[in-house]
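Below you'll find the structure, written out as structure tokens, and then a few comments.
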Amino acid sequence: MMQNKSDDIHDDNSDLLEPYIETELVNADLFGEWLQQELGDGKNHQGIISKVAAALGVFKNTLQSLSLEITLPNPRLWNMQVDAVNGDDLKIIVTLPGSEEKIEVVAKNQDELQFLKGDKCLGYMSKVWHGLAQSLDRLTIYAQRCKELKAQEAELMHPAEATVQKHINLLKEYNDMKDIGQQIIGLIAENKGVQIGKLYENGDYGVTADD
């Protein structure tokens, strides 16, 4: 049964990665359902299905732990390879995704070999893993770009904050100078025996009432 993936996702992923991770988790779950059906039908194929199911669990944990703050995994590690063995027509080597563990599979005959390599068994699984690896690769590139954008935003925000603080400091200096200037104007007005407003009106001291 499908589960709500939002609760499983690492808190550090933020809203930037969450919807993409959810999509990949759904895809992984669909693949997992097929694997469980194969196991339920007794089709473990020399232990391959159970090992692939275990690898899928690790892959899902990797997705759930993705964030912009940690080193992202190498997507190429999640490809599943199926290779023929030179000199043995019935033997193939399966390289498991994630761990790169190699498993030797021996078919009973050519018919079984073709089935194992076909799109209903190893061929299908290798294609699914190739798609999951490609999706993880795109997600990794996207996450890296998000991280770079966040860094650029931080660089842009820092000068802006510094500029605002500079203006605040300048405004404080201006107010301090204005207070001092008004005190001086007050002293001059008192000395002349006139109202301060008269000095502003004349503009003799470089200031007006608007200042």
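The residues of the chain are indexed from 1 along the displayed sequence.
A distance of 12.0 Å separates CD in E22 from CG in N27, rounded to the nearest 0.5 Å. Atoms OG and CD, on S50 and E38 in that order, are 12.0 Å from each other to the nearest 0.5 Å. Rounding to the nearest 0.5 angstrom, the gap separating the CD atom in Q46 from the CD1 atom in I103 is 10.0 Å. Between the CD atom of Q64 and the CD1 atom of I21 there is a distance of 9.0 Å, given to the nearest 0.5 Å. A distance of 11.0 Å separates CG of L96 from CD of Q81, quoted to the nearest 0.5 Å.
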### Message
Set out, in order, the CA-CA distance, both residues' side-chain angles and the distance that settles side chain to side chain contact (heavy atoms under 4.5 Å, CB included) for V52 and L56, then state yes or no.
### Response
CA-CA 6 Å; V52 169; L56 185 64; 5.6 Å; no
### Task
Please step through side chain to side chain contact (heavy atoms under 4.5 Å, CB included) for the pair E33 and Q37, ending with a clear verdict.
CA-CA 6 Å; E33 289 177 0; Q37 183 177 350; over 6 Å; no
### Task
Go through M125 and I49 one step at a time and tell me if the side chain to side chain contact (heavy atoms under 4.5 Å, CB included) criterion holds.
CA-CA 9 Å; M125 288 188 282; I49 300 294; 3.7 Å; yes
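Connection of I48 to V106 is not established within any shared hydrophobic cluster, with ILVMFWY side chains joined at heavy-atom distances below 4.5 Å, either directly or through further cluster members. Residues I93 and F115 are members of separate hydrophobic clusters, defined by side-chain heavy-atom contacts under 4.5 angstrom among Ile, Leu, Val, Met, Phe, Trp and Tyr. In the hydrophobic cluster analysis, where Ile, Leu, Val, Met, Phe, Trp and Tyr join through side-chain heavy atoms closer than 4.5 angstrom, V82 is grouped apart from V85.
What you find for L63 and L139 is that their closest heavy atoms are CD2-CD2, 4.0 Å. Closest approach of S126 to M80, counting heavy atoms only: CB-O, 3.5 Å. Across all non-hydrogen atoms, the minimal contact from P97 to W129 is CG-CE2, 3.3 Å. Across all non-hydrogen atoms, the minimal contact from C121 to L116 is CB-O, 3.5 Å. Scanning both residues, N79 and A133, for their nearest heavy atoms gives OD1-CB, 3.7 Å.
Between K60 and D29, the closest side-chain pair of non-hydrogen atoms falls below 4.5 Å. Under the 4.5 Å side-chain criterion, counting only non-hydrogen atoms from C-beta, D89 is in contact with Q110. You'll find the side chain of R138 stays beyond 4.5 Å of the side chain of Y20, heavy atoms only. Proximity of V128 to W34: side-chain heavy atoms (C-beta onward) are nowhere separated by under 4.5 Å. Side-chain atoms of L35 and L39, non-hydrogen and from C-beta on, never get closer than 4.5 Å to each other.
Judged as a salt bridge (charged side-chain N to carboxylate O under 4.0 Å, His left out), and not counting sequence neighbours, the contacts of E104 are K91. Listed by chain and residue number, K127 satisfy the salt bridge (charged side-chain N to carboxylate O under 4.0 Å, His left out) test with D119 (two or more places apart in sequence, or in another chain). With sequence neighbours left out, E100 forms a salt bridge (charged side-chain N to carboxylate O under 4.0 Å, His left out) with no residue at all.
A donor-acceptor pair is defined here as one N or O able to donate and one able to accept, closer than 3.5 Å; no such pair exists between the side chain of D41 and the backbone of K43.
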